[in-house]
2 protein chains.
Amino acid sequence: MTYCLGIVTKHGLVMASDSRTNAGTDQASVCRKMFTFEVPGERALVLLTSGSLSLSQSVVSLLQADFDRGEGLARVTSMYEAARAIGAQVRKVREVDCDPLEKDGYHFNVHFLLGGQIGEEAPQLYMIYPQGNPLRATEESPYLQIGETKYGRPILDRGIKFDTTSLEEAAKYALISLDSTMRSNVTVGPPIDIVAYHAGELKITRHRRLAENDPHLVQTRRQWEQVLRRAIHEMPLVTFNDAPALTV
Amino acid sequence: MTYCLGIVTKHGLVMASDSRTNAGTDQASVCRKMFTFEVPGERALVLLTSGSLSLSQSVVSLLQADFDRGEGLARVTSMYEAARAIGAQVRKVREVDCDPLEKDGYHFNVHFLLGGQIGEEAPQLYMIYPQGNPLRATEESPYLQIGETKYGRPILDRGIKFDTTSLEEAAKYALISLDSTMRSNVTVGPPIDIVAYHAGELKITRHRRLAENDPHLVQTRRQWEQVLRRAIHEMPLVTFNDAPALTV
């Protein structure tokens, strides 16, 4: 399983992913799910993947080959075009692989999150579906998730606002959201890759990889448990009308 | 959709459920998903249901008819037998309804949570599967969920301990878990039914139904958002090696 998320605010983007991959539960390994495409000063793109590793590798290989030739993601002039360029490669791989997969009962399952900025445009965040069509994050709905999305969503729903959430806080939300998911689903696992991108930089300068025992991750986890328990403690008591008070 | 959960601690039980039911997204209504079976001083049982309303109604009707005749849940002498009595009725309904459902492409989908206490036994919590087999909550895994379970799970994973969580706190956790789920999935909705049961009472004295605009629920929601934001604010900054600090 996988969990990746992207957050877009008026200040920029935060993109984060886990690194666990598995075929069944007995074949688990570590695999990077974050890929960057940059022409400093001109464009900075971060791609996150979920779904079948075989399929996402194929799509990324095609995108990388194009990029290296100055085509595709190296050439598009807007984030919309970038999302479409990814969708086009998804459809190419689909044409090659979908039928043989479905014949054996597998779905063609691969999702992408694309965050980044090209030239003068504002930073944008897209999801690309297995059918190749793109969905854009909006000011009202400023984050997108792929993979094991539910465990990590409540904290985002409560906190992320396009206009007011700082990038510093967005990075904290992303980390908590990922850590909550890892806690509830063992097939989502470290290391965590996280990128924070400030609007206008057109260059990826802030990337961090947090291993399982990274002191920052350990400290975040410990402190988060403490504040949640304290928070619950401070919440108003649930009272039950005429019933005797709960003393334990 | 539905979300129900039960928590068992050494002090007793908390059982909680939402009340939204829908057939498709255009036919939503309010429906109680919590049922109690009591012989004060002897046994107190709380049943929560998810899945097809038609199926859970049938099972509850059969259980109620037995109970009213002094059979079934009125007669069993342990919580294990109670869980088995429910499973037996699930299998009876399955025999009647499963084939016609599957012929039209529906699954036989109904789950139950059973919490309660019979006589001298410690309070116990069970899940009963659509196949009729029971699963018991343990000290290491002291809560069970049915329906839309993922959004509301991280808060439980972080906080519930069989030995140390008080019933007061368990009731708060249950409410937060339900409210987080309602926030992230519109097909889970109020009113919320919540029961707190103290070991040894053998009688259900603490039941509360919280409507959407119940002041306690509104206050809980508001305060929870505030404490989460403050908690995020207090978490350590994610730093990015040599990169310039994020100033927004």
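Just so it is clear, the values below take in all heavy atoms, side chains as well, and ignore hydrogens, waters and symmetry mates. Sequence lines set the chain letters: A, B, ... in the order given, protein chains first and strands last, and positions in each chain run from 1.
Between Arg230(B) and Glu234(A) there is a salt bridge, since at least one side-chain N of the basic residue sits less than 4.0 Å from a carboxylate O of the acidic one. Between Lys150(A) and Glu148(B), at least one side-chain nitrogen of the basic residue sits less than 4.0 Å from a carboxylate oxygen of the acidic one, meeting the salt-bridge criterion.
With a 4.5 angstrom heavy-atom cutoff, Leu237(A) touches chain B via backbone and side-chain atoms both. The contact between Thr239(A) and chain B is made by backbone and side chain atoms together, counting heavy-atom distances below 4.5 Å. Only the side chain of Lys161(B) comes within less than 4.5 Å of a heavy atom in chain A; its backbone stays farther off. In this structure, chain A has heavy atoms under 4.5 Å from both the backbone and the side chain of Ile232(B). Looking at Ile194(A), both its backbone and its side chain come within 4.5 Å of chain B, counting heavy atoms on both sides.
Counting non-hydrogen atoms of neighbouring residues, nucleotides and ligands closer than 6.0 angstrom, the CD atom of Glu120(A) reaches no more than 12 such neighbours.
Without hydrogens or angle criteria, Arg153(A) side chain to Tyr151(B) main chain gives no donor-acceptor distance under 3.5 Å. A side-chain donor-acceptor contact under 3.5 Å links Lys172(A) to the backbone of His233(B).
Taking NE2 of His216(A) as the start and CE of Met235(B) as the end, the distance is 7.5 Å to the nearest 0.5 Å.
Residues Pro236(A) and Gln223(B) are in side-chain contact: their nearest non-hydrogen atoms beyond the backbone lie under 4.5 Å apart. Counting heavy atoms from C-beta outward, Leu228(A) and Leu228(B) have side chains that approach closer than 4.5 Å.
With respect to chain A, the highest number of heavy-atom pairs below 4.5 Å among Ala196(B), Ser184(B), Ala231(B) belongs to Ser184(B). Here Asp179(A) is the residue among Asn185(A), Thr149(A), Asp179(A) with the most heavy-atom pairs under 4.5 Å with chain B. In terms of heavy-atom pairs under 4.5 Å with chain A, the best-connected choice from His207(B), Gln219(B), Gln226(B) is His207(B).
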Pairs under 3.5 angstrom only: tabulate donor-acceptor contacts from the side chains of residues 34-41 of chain A to other protein residues two or more places apart or in another chain.
{"unit_1": "Glu38(A)", "atom_1": "OE2", "unit_2": "Ile204(A)", "atom_2": "N", "d": "2.8"}

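Side chain to side chain, Ser180(A) and Arg158(B) meet the donor-acceptor criterion of an N or O pair below 3.5 Å.
Applying the side chain to side chain contact (heavy atoms under 4.5 Å, CB included) criterion to Ser141(A), with sequence neighbours excluded, gives Thr138(A).
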